Amino acid sequence: MKRIERIIPQPVAPGMVGDGFRVYNYIPGGGNIDGTDIPQERISPFLLLDFNAEIDFGPSDRVRGVDVHPHKGFETITIAYKGSVAHHDSAGNSGVVGPGDVQWMTAGSGILHKEYHEEEFSKKGGPFEMIQLWVNLRKQDKSVAPHYQTITRSQMGKVSVPGGEVNVIAGNFNGHQGPAQTYTPIHMYDIRLSKGGSVETSLPAKYNTALLLVEGSAEVNGVPASEHSFVLFANEGEDISIKASENAVILLLSGEPIDEPIVAYGPFVMNTQAEVIESIREAQAGKFGVLE
Ligand code: MN
């Protein structure tokens, strides 16, 4: 059985990303995991996890969100639980990420985009619950052309488990493959359990593995984990057993670590400081394209 290294409670205070995302930051995109002495590398290839716990911003005629900004050297993954987000990017892509859907954007060599509440949702208001996750790319993949994958809930490998279901976003769950194409091996599951429901699986000991209790509480390998806590597994043992103590929504992340230096400066994540400085110059020089 995988040993639990640490259960990290919900961070004390949320921060705002633009005016549309009120997020608790669990994986910081540089430095230690929130409130701990656990270094960023310990959760590689995951770079950042911002959790917009459920909140109703209320109806608004002006859409909330984050205006045009760059990304380079990694991937951003938006997981919508409640509410809808619209996005536009400098490669000409746009779309809406609705409840249960995932947008997997590979920023690669550099892109500009903006992320907003979807217009109709914004007008009505209502519960909004979202995760944004950043996944690092190896040096060899940081220069790939930007692109993205739209993964609707219906496209995910859906697996029934006792008292619930697992939507496989990426990788493999007990023999069922998810749709996301990844540059390094990653398993990512959206787990939905009714009270008493359970999931058993097995993931490599050397993969960095964690889960977030998005809604509800559960026993994880026999240890109680409360709502909004982040359970980090040690790199020991393989088996995971989750039993929902109440209705629960859980995001499970597991990935092969990328054993390369991380130099992060805001939306640029490279291997060296010189590469970060070069990336800032490229963004300023308009090399990531144009977006109004
Ligand atoms: Mn962004």
Side-chain angles (χ1 to χ4, degrees), residues 14-31 40 45-53 55 57 62-81 83-98 101-119 121-122 128-137 141-151 169-170 180 182-183 186 188 251 253 262-270 275-276 279-280 282-284 286-292:
M16 288 301 293
V17 180
D19 67 355
F21 303 90
R22 181 181 179 270
V23 301
Y24 294 94
N25 176 240
Y26 289 75
I27 309 176
Q40 175 90 57
F46 308 102
L47 281 171
L48 176 143
L49 194 162
D50 272 347
F51 172 39
N52 188 131
I55 183 175
F57 289 98
R62 197 181 52 80
V63 289
R64 294 168 172 274
V66 198
D67 207 355
V68 179
H69 60 278
H71 290 289
K72 179 176 176 174
F74 60 99
E75 301 181 290
T76 69
I77 293 122
T78 303
I79 304 168
Y81 292 96
S84 298
V85 169
H87 68 96
H88 291 83
D89 71 39
S90 56
N93 302 306
S94 64
V96 173
V97 192
D101 298 342
V102 172
Q103 187 214 46
W104 195 296
M105 184 179 84
T106 304
S109 62
I111 195 165
L112 303 176
H113 79 159
K114 54 183 180 180
E115 300 152 275
Y116 280 93
H117 293 202
E118 190 273 327
E119 202 172 341
F121 172 77
S122 193
F128 188 78
E129 187 179 59
M130 225 35 77
I131 283 176
Q132 186 160 99
L133 188 66
W134 292 6
V135 171
N136 204 5
L137 293 168
D141 301 320
K142 286 183 184 293
S143 53
V144 299
H147 58 278
Y148 74 94
Q149 305 169 63
T150 300
I151 301 167
I169 300 168
T182 65
Y183 284 85
I186 287 169
M188 191 179 296
L251 178 68
L253 308 169
I262 298 170
V263 180
Y265 181 76
F268 308 102
V269 182
M270 305 300 289
E275 288 168 351
V276 167
S279 302
I280 296 167
E282 287 171 6
Q284 286 169 343
K287 297 222 168 115
F288 296 176
V290 177
L291 184 65
E292 291 286 303

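All ligand and atom numbering here is 1-based and tracks the order in the structure. Remember, it's a predicted structure, so these values are computed and weren't measured experimentally.
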K.L.:
Any side-chain heavy atom of Val23 sitting closer than 4.5 Å to one from Gln132?
P.N.:
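With C-beta onward as the side chain, the pair stays apart.
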
K.L.:
Excluding sequence neighbours, so at least two apart, what forms side chain to side chain contact (heavy atoms under 4.5 Å, CB included) with Tyr81?
P.N.:
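In terms of side chain to side chain contact (heavy atoms under 4.5 Å, CB included), with neighbours along the sequence ignored, Tyr81 is linked to Ile79, Glu129, Ile131, Asp190, Arg192, Val214, Val249, Leu251.
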
K.L.:
Salt bridge check: are Glu275 and Lys142 linked by an N-O gap of less than 4.0 Å?
P.N.:
no

K.L.:
At what distance, to the nearest 0.5 angstrom, does OH of Tyr148 lie from NE2 of His113?
P.N.:
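Result: 12.0 Å between the selected atoms.
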
K.L.:
Considering only heavy atoms from C-beta outward, does the side chain of Trp104 approach that of Met188 to under 4.5 Å?
P.N.:
yes

K.L.:
How many protein atoms of type N/O/S are positioned less than 2.8 Å from the Mn ion (ligand 1)?
P.N.:
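Counting protein N, O and S atoms closer than 2.8 Å to the Mn ion (ligand 1) gives 4.
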
K.L.:
Name the orientation class of the two ring planes belonging to Phe21 and His117 (parallel below 30°, tilted from 30 to 60°, perpendicular beyond 60°).
P.N.:
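Answer is perpendicular, since the angle exceeds 60°.
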
